[in-house]
Number of protein chains: 2
Amino acid sequence: MGKCVSDYGCSVEAALDVIGGKWKGVVLYHLLEGKRRFGELQRLMPGVTRRMLTLSLRELEEEGIVHREVYKQVPPKVEYSLTEYGRTLEPIILSLRTWGEIYMQKLKRSEENALAAQAK
Amino acid sequence: MGKCVSDYGCSVEAALDVIGGKWKGVVLYHLLEGKRRFGELQRLMPGVTRRMLTLSLRELEEEGIVHREVYKQVPPKVEYSLTEYGRTLEPIILSLRTWGEIYMQKLKRSEENALAAQAK
DNA sequence: CTCCTTAGTTACAATTTTGTACCTATGTTT
DNA sequence: AAACATAGGTACAAAATTGTAACTAAGGAG
């Protein structure tokens, strides 16, 4: 909280401060496709803990990127979605996704090669 | 080091693992414009320490994103540049830059407003 | 009356990232 | 002979991030 222009040396640094960290980008990626409940996000993100998911969502909410809708039900139901402002991040997330896909394909190929070499 | 496909739940997570952190994106941003010497990068990146700059460059080099060219001179001269593979990151860096610029303008406006309100 | 559900919160611990301060190499300049 | 320049390396400390485990709320089901 309490971000300040003078904290940043350039715009890339500022942008990475907002979507950086281990999970915020991943949350945004899943929210690009529409509303998601808390538990749904948890299932979509293997490895995330409830705590980290909560923290990530709260920070994105504070920035005005994510909208949090609480339904007065028991058991509770909470839906998260991108705000209009949040949707301006779409180009970043899509370019991350595209590049990441190719990167993972490369990783996979080199793992397969290492395995084949080991089997002599 | 020793990245593994199974470490990642999705492609965005993988991409952020490569360019995430406080400085790697900023280095890439400056290298988009061409070769840069170590000291030059340091001057372009207020706040970075020699240590963090070295670490960031080393990681990017290991991934094959950045090329390191050492000139046999005294005092030493080392030039860093993007590899062809590194240039595939351009869409990510440009979208981060564009978004970051608008974000910083928003921050600046709200700081000015806060100041004006205080002056009553 | 107890358990189940979802969406959390909290205290604490471990891990990762980042920073500080000092050390190195060596040809050139003063 | 001492100082300067650049591009580091290294040990250690501090700070930030992330993880673990236990606890909570409140209505409905059995």
Side-chain angles (χ1 to χ4, degrees), chain A residues 1-4 7-10 12-14 16-27 30-31 35-63 66-81, chain B residues 1-4 7-10 12-14 16-27 30-31 35-63 66-81:
Chain A
M1 338 149 200
K3 317 266 192 192
C4 183
D7 294 342
Y8 304 121
C10 76
V12 170
E13 192 181 340
L16 279 174
D17 190 38
V18 174
I19 66 139
K22 200 166 177 184
W23 301 112
K24 283 191 280 184
V26 182
V27 168
H30 290 298
L31 291 182
K35 290 182 207 289
R36 293 274 177 242
R37 294 185 57 175
F38 184 87
E40 213 172 346
L41 284 173
Q42 226 187 166
R43 277 186 295 279
L44 288 168
M45 297 164 59
V48 80
T49 60
R50 265 169 316 186
R51 188 176 120 85
M52 287 315 297
L53 186 51
T54 306
L55 287 179
S56 305
L57 287 164
R58 289 289 179 282
E59 282 176 48
L60 291 169
E61 203 192 339
E62 263 182 52
E63 290 281 353
V66 156
H67 172 70
R68 177 168 181 262
E69 179 110 33
V70 183
Y71 293 81
K72 296 194 139 195
Q73 298 181 0
V74 165
K77 173 177 172 181
V78 181
E79 271 182 356
Y80 293 92
S81 55
Chain B
M1 334 147 205
K3 317 266 192 191
C4 184
D7 295 342
Y8 304 120
C10 77
V12 171
E13 193 182 338
L16 279 174
D17 189 37
V18 175
I19 65 139
K22 200 166 176 184
W23 301 112
K24 283 191 280 184
V26 182
V27 168
H30 290 298
L31 291 183
K35 292 181 204 290
R36 293 272 178 244
R37 293 185 59 175
F38 184 87
E40 212 173 347
L41 284 172
Q42 227 188 168
R43 277 185 294 277
L44 287 167
M45 296 164 60
V48 80
T49 60
R50 266 169 319 183
R51 188 175 121 85
M52 288 314 296
L53 186 52
T54 305
L55 287 179
S56 305
L57 287 165
R58 289 290 178 281
E59 282 176 50
L60 292 169
E61 202 192 339
E62 263 181 52
E63 290 281 353
V66 155
H67 172 70
R68 178 168 181 260
E69 179 112 31
V70 183
Y71 293 82
K72 295 195 140 196
Q73 298 181 1
V74 163
K77 172 177 173 183
V78 180
E79 271 183 357
Y80 294 91
S81 55

**Q** Does dG8(D) have OP1 or OP2 sitting under 4.0 Å from an N or O in the side chain of Arg68(B)?
**A** yes
**Q** Which whole-number value in Å describes the distance from Glu69(B) CD to dG8(D) P?
**A**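 These atoms are roughly 13 Å apart.
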**Q** Look up atom CG in Leu16(A) and atom CG in Leu16(B), then write down how far apart they are to the nearest 0.5 Å.
**A** 8.0 Å
**Q** CG of Asp7(B) versus C1' of dT18(D): gap in Å, rounded?
**A**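 Asp7(B) atom CG is separated from dT18(D) atom C1' by 16 Å.
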**Q** Taking NZ from Lys24(A) and C1' from dT17(D), how many angstroms apart are they, rounded to a whole number?
**A** 11 Å
**Q** Testing the basics here: between Ser56(A) and Trp23(A), what is the closest heavy-atom pair and its distance to 0.1 Å?
**A**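 The pair with the smallest heavy-atom distance is OG-CB, 3.7 Å.
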**Q** Please give, in whole Å, the distance from dT6(C) C1' to Arg37(A) CZ?
**A**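 Rounded to the whole Å, the gap is 7 Å.
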**Q** Between OG1 of Thr49(A) and CG of Leu55(A), what distance do you get to the nearest 0.5 Å?
**A**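 Rounded to the nearest 0.5 Å, the OG1-CG separation comes to 8.0 Å.
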**Q** Rounded to the Å, how far apart are Trp23(A) CH2 and dT18(D) C1'?
**A**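 The distance from CH2 of Trp23(A) to C1' of dT18(D) comes to 10 Å, rounded to the nearest Å.
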**Q** Rounded to the nearest 0.5 Å, what separation is found between the CG atom of Asp17(A) and the CD atom of Glu63(A)?
**A**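 Atom-to-atom, Asp17(A):CG and Glu63(A):CD are 8.0 Å apart.
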**Q** Measuring to OP1 and OP2 of dT16(C), would you say a side-chain N or O of Lys22(A) lies under 4.0 angstrom away?
**A** no
**Q** Taking 4.0 Å as the cut-off, does a side-chain nitrogen or oxygen of Tyr71(A) come that near to OP1 or OP2 on dG27(D)?
**A** no
**Q** OP1 or OP2 of dA26(D) less than 4.0 angstrom from a side-chain nitrogen or oxygen of Lys72(A), does that happen here?
**A** no
**Q** Does the protein touch nucleotides 24-30 of chain C at the base, only the backbone, or not at all? Give it as B, S and - per nucleotide, heavy atoms under 4.0 Å.
**A** --BB---
**Q** Quick one: closest heavy-atom pair of Leu53(B) and Phe38(B), and the distance?
**A** CD2-O, 3.7 Å
**Q** Could you tell me whether the side chain of Glu13(A) and the main chain of Gly9(A) form a donor-acceptor pair under 3.5 Å?
**A**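 Yes, the answer is positive, given that a donor and an acceptor are paired below the 3.5 Å cut-off.
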**Q** Quick check on DNA chain D: between Gly21(A) and Lys77(B), whose nearest nucleotide comes earlier from the 5' end?
**A** Lys77(B)
**Q** Could you tell me which non-hydrogen atom of Tyr80(A) sits nearest to which non-hydrogen atom of Leu41(A), and how far apart they are?
**A** CD1-CD1, 4.4 Å
**Q** Tell me: CZ of Arg43(A) to C1' of dT5(C), nearest whole Å?
**A** 12 Å
**Q** Rounded off to whole Å, could you give me the OH-to-C1' distance for the Tyr80(A) and dA7(C) pair?
**A** 8 Å
**Q** Find the distance Asp17(B):CG to dT17(D):P and express it as a whole number of Å.
**A** 16 Å
**Q** What pair of heavy atoms forms the shortest contact from Cys10(B) to Val26(A), and how long is it?
**A**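 Taking every non-hydrogen atom into account, SG-CG1, 3.8 Å.
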**Q** Heavy atoms within less than 4.0 Å of DNA chain C: which residues of residues 49-58 of chain A have one? Give them sorted by number.
**A** Arg50(A), Arg51(A), Thr54(A), Arg58(A)
**Q** Among Gln42(A), Arg36(A), Arg37(A), which residue meets the side-chain hydrogen bond (donor to acceptor under 3.5 Å, both in side chains) test with Glu40(A)?
**A** Arg36(A)
